[in-house]
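Everything below concerns the one structure shown next.
Residues take their numbers from the sequence shown, with the count starting at 1. Worth knowing before you read on, the calculation uses all heavy atoms, side chains too, and leaves out hydrogens, waters and symmetry mates.
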Amino acid sequence: MQWIKKVLSFCWRGLNFMRNLVMNIVFLFFILLIFSVIGYVQQAANLNKNSAEGMPKEGALYLTLNGDLTDNRTENFAFKRFLKEMVAGNTAPENISTFDVVYALEQAEKDPNIKGVVLNLSDFGHADFPALNYIGRAINDFKRSKKPVIAYAQNYGQKAYLLASYADEVYLNPQGNVDISGLFVENLYFKSLLEKLAITPHIFRVGTYKSAVEPFLRDDMSAEARENMQRWAGLMWQDYVRKVAENRQISQQEVLPNGQDYLRGLRAFGGNSSEYSKARHLVTHFADGFSFKAKLQQMFGKNAQGKANLIDFYDYLDFLPERTEAETKEKIAVVNVEGEIIHGESNGKGVGGNSVVSLLEKAYEDDEIKGVILRVNSPGGSAFASELIRQALQQIQQKGKPVVVSMGGMAASGGYWISSHADYIVADPDTITGSIGIFAILPTFEKALTKMGIHTDGVSTSELGKISFLSGVKPLNAEIIQQGVNYGYEQFLRIVSQGRKIPQADVDKIAQGQVWLGRDALSHHLVDELGDFSQAVGKMRALLEAKGEKSSEMALEWLQEDESKLNQFFKGFNKYGKTLIQQQFLSFVGLAKAYQSGAESVERFASLNDPKGQYLYCLGCGTVN
């Protein structure tokens, strides 16, 4: 009996340990919540943009871009800043609005207190090329003021360097690296995994190049998909090399020599890639962190603490009038569609069709809104949700309000569906668009259940009985689903034909799910002009002027979902608190990078929630690195 008592005593101590551990974790989260609320309230109280105390001192605008460039801002930035201050090594994801950066640069150009711009790109994350070039154009405009632009990083990734190349001077840590190696695009493929799990993926699609479903059918890329991706990735890379060469005033060969020339050059410097980068004029100066700070002190002077006079990007934004709010009675609305288009309301994984329609209804009902700019940065998603958005846009046009589409890094498949009937479409030369095609996917688990010794049986009152995930898809039901997909594809062709005024047969030739860059889309009449958001705004003003409206007196109003500050805060706490714990744990076990590389693809599949199971999705576009 003694051993039983020992076992029970051990189990009891183990339970007590777990109970205390859980209670301590809950207590710590409670304390974190309290401090977060205090920090959030203080942050909100300090945002008096018009007070004299808010006036920044003279110095350089300090753009520390530690995160991803996106169209939308990070939710609850005050909460995110609190996390960064309270938790060492916090790497919770941060979205930095491209439009905020451009807005700050535009204001800084004419602000006499801003003496220059410093780009800190050491922890730069992800961005698409249109966003980088849009900011680059703003940097070039800023340089008209004859104020210096300085870039610094411990190491430059490929996209960070494109942004740095717009600067007057590019600084690099002596042990750092400029990682320019060409574009790389890849997808995950699940055919063998599905076979091992005995999951049957029932795929219904139209289009030779509709590679979005290939991850379920193959373990590698088809020849058609490879050809399509190689073409647009090659054109995108040519744009990258040309832009860097122009910015740095060097030859394209110096940006990235061919393999053997690169190896010979690297050998000439004894394998020192930093020196080799400088020899190719990619880098202006070497500087470690201390010497770079000294350089900034020399250029912009010191404050009372002996530090360089630098004005933080977010502090500067707090001082400026709010970018998203119009100060005029009559205005132009801007509606963002960023991320996967999902059915229902927006969440952390996608932009909801119902949420976008609600914003468009505001634009429809508000007589002070004279036109709508739809900013699209999406690979598509739910066919049903995409059509709801398109219908709402059509209602706005029928009321006499023009609609202009500004395409960001990607406006493909469903992203193109919602754009196709706009009065005017502006795309960046490197916008990924097209992917005119549709598919449906239905996984069933009858084989997996059979392997486990589980069988299903039942009755149905009709040959068209409900499709079961447990017992497979009958040939009759499969044909019905395929007919729906066929109709969806014909509808897509018809919508594009009507919206773009192109014969439907000609649309079919450039459709079939093929992906195009903006420059190709222009030649195929899928878009009207190459340019950035500024050109889209200019075209909207021209359309309004043609109607007799005084568009020059109209400001932009960025329509956003209505949400209480308290609800936003708790949403941020739930999202970023969990993300922080997850990332800290993954870093501890050494799986952070592996997890991140696969999580995005898995999340994409998890967001497929169309009520009819039909998708306008460019999963095959991949992530460009």
Side-chain angles (χ1 to χ4, degrees), residues 60-66 69 115-127 129 132-133 135-140 142-143 146-184 236-300 308 310 624-625:
L61 178 62
Y62 192 52
L63 290 171
T64 305
L65 302 182
N66 295 348
L69 283 177
K115 303 302 182 182
V117 168
V118 178
L119 296 167
N120 186 337
L121 302 172
S122 289
D123 296 308
F124 187 77
H126 175 75
F129 290 123
L132 295 170
N133 287 322
I135 294 176
R137 176 179 170 182
I139 291 174
N140 283 339
F142 175 87
K143 286 158 68 174
K146 305 302 181 183
K147 302 173 185 178
V149 179
I150 310 297
Y152 177 79
Q154 302 286 358
N155 291 280
Y156 287 103
Q158 200 154 249
K159 292 184 176 179
Y161 184 78
L162 176 58
L163 196 55
S165 72
Y166 285 93
D168 296 303
E169 298 181 74
V170 180
Y171 285 77
L172 174 69
N173 187 287
Q175 293 299 312
N177 184 42
V178 179
D179 183 17
I180 298 180
S181 54
L183 302 186
F184 182 62
M236 189 178 287
W237 176 243
Q238 290 175 20
D239 287 344
Y240 179 96
V241 173
R242 187 184 70 253
K243 184 63 66 177
V244 169
E246 289 175 356
N247 291 343
R248 297 297 301 156
Q249 297 182 355
I250 59 178
S251 69
Q252 294 188 14
Q253 176 69 9
E254 287 177 295
V255 176
L256 182 63
N258 64 53
Q260 290 302 316
D261 288 343
Y262 184 93
L263 184 57
R264 278 192 292 271
L266 189 60
R267 283 173 176 165
F269 288 92
N272 189 330
S273 60
S274 303
E275 290 287 355
Y276 186 35
S277 296
K278 188 175 180 182
R280 286 159 37 218
H281 308 291
L282 299 176
V283 175
T284 315
H285 306 286
F286 290 133
D288 58 31
F290 289 97
S291 57
F292 183 66
K293 289 177 182 177
K295 175 67 177 178
L296 295 182
Q297 292 171 1
Q298 179 186 346
M299 292 183 67
F300 304 111
L310 301 177
V624 181
N625 296 305

From R137 atom CZ to L132 atom CG, the distance as rounded to the nearest 0.5 Å: 15.5 Å

Closest approach of V118 to A60 (non-hydrogen atoms, all atoms of both residues): CG2-CB, 3.9 Å

Any donor-acceptor N or O pair under 3.5 Å, side chains Y156, N177: no

Backbone of V244 reached by a side-chain donor or acceptor of Y166 within 3.5 Å: no

Heavy-atom side-chain contact between V117 and I139 under 4.5 Å: no

Side chains of Q158 and D179, donor plus acceptor under 3.5 Å: no

Over all atoms of both residues, closest heavy-atom pair of F269 and A279: CZ-CB, 3.4 Å

Non-neighbouring partners of H281 that pass ring-ring contact (aromatic ring centres under 6.0 Å, His included), sequence neighbours left out: none

Interatomic distance, D168 atom CG to N247 atom CG [nearest 0.5 angstrom]: 11.0 Å

Side chain E254, main chain S251, donor-acceptor under 3.5 Å: yes

Interatomic distance, D288 atom CG to Q154 atom CD [nearest 0.5 angstrom]: 8.5 Å

Check: K115 main-chain N/O paired with K147 side-chain donor or acceptor under 3.5 Å: no

Any residue meeting side chain to side chain contact (heavy atoms under 4.5 Å, CB included) with Q238, in chain and number order, not counting sequence neighbours: L235

Pairwise side-chain contact, M236 with D239, heavy-atom cut-off 4.5 Å (strictly under): no

Ring centres under 6.0 angstrom apart (Y240, F129): yes

Any side-chain heavy-atom pair of L65 and N120 under 4.5 Å: no

Other residues, nucleotides, ligands: >12 heavy atoms within 6.0 Å of Q252 CD: yes

Side chain proximity check, I150 to L119, heavy atoms < 4.5 angstrom: no

Qualifying residue, where the test is ring pair (Phe, Tyr, Trp, His ring centres under 6.0 Å) with Y152 and the options are Y62, F292, Y171: F292

Flag side-chain contact, heavy atom, 4.5 Å: V170 against Y161: yes

4.5 Å side-chain heavy-atom contact, I135 and L163: yes

Donor-acceptor contact below 3.5 Å, side chain R280 vs main chain L256: no

K143 atom NZ, over 12 foreign heavy atoms within 6.0 Å: yes

Backbone N/O of E169 and side chain of T284: donor-acceptor pair under 3.5 Å: no

Side chain to side chain contact (heavy atoms under 4.5 Å, CB included) partners of L266, counting only residues at least two apart: Y262, S273, Y276

Rounded distance [0.5 Å steps], OG in S274 versus CG in L282: 11.5 Å

From CG (L162) to NZ (K243), nearest 0.5 Å: 8.5 Å

Considering all heavy atoms, the nearest V283-R248 contact: C-NH2, 4.2 Å

Flag, side chain of N272 to backbone of E275, donor-acceptor distance under 3.5 Å: yes

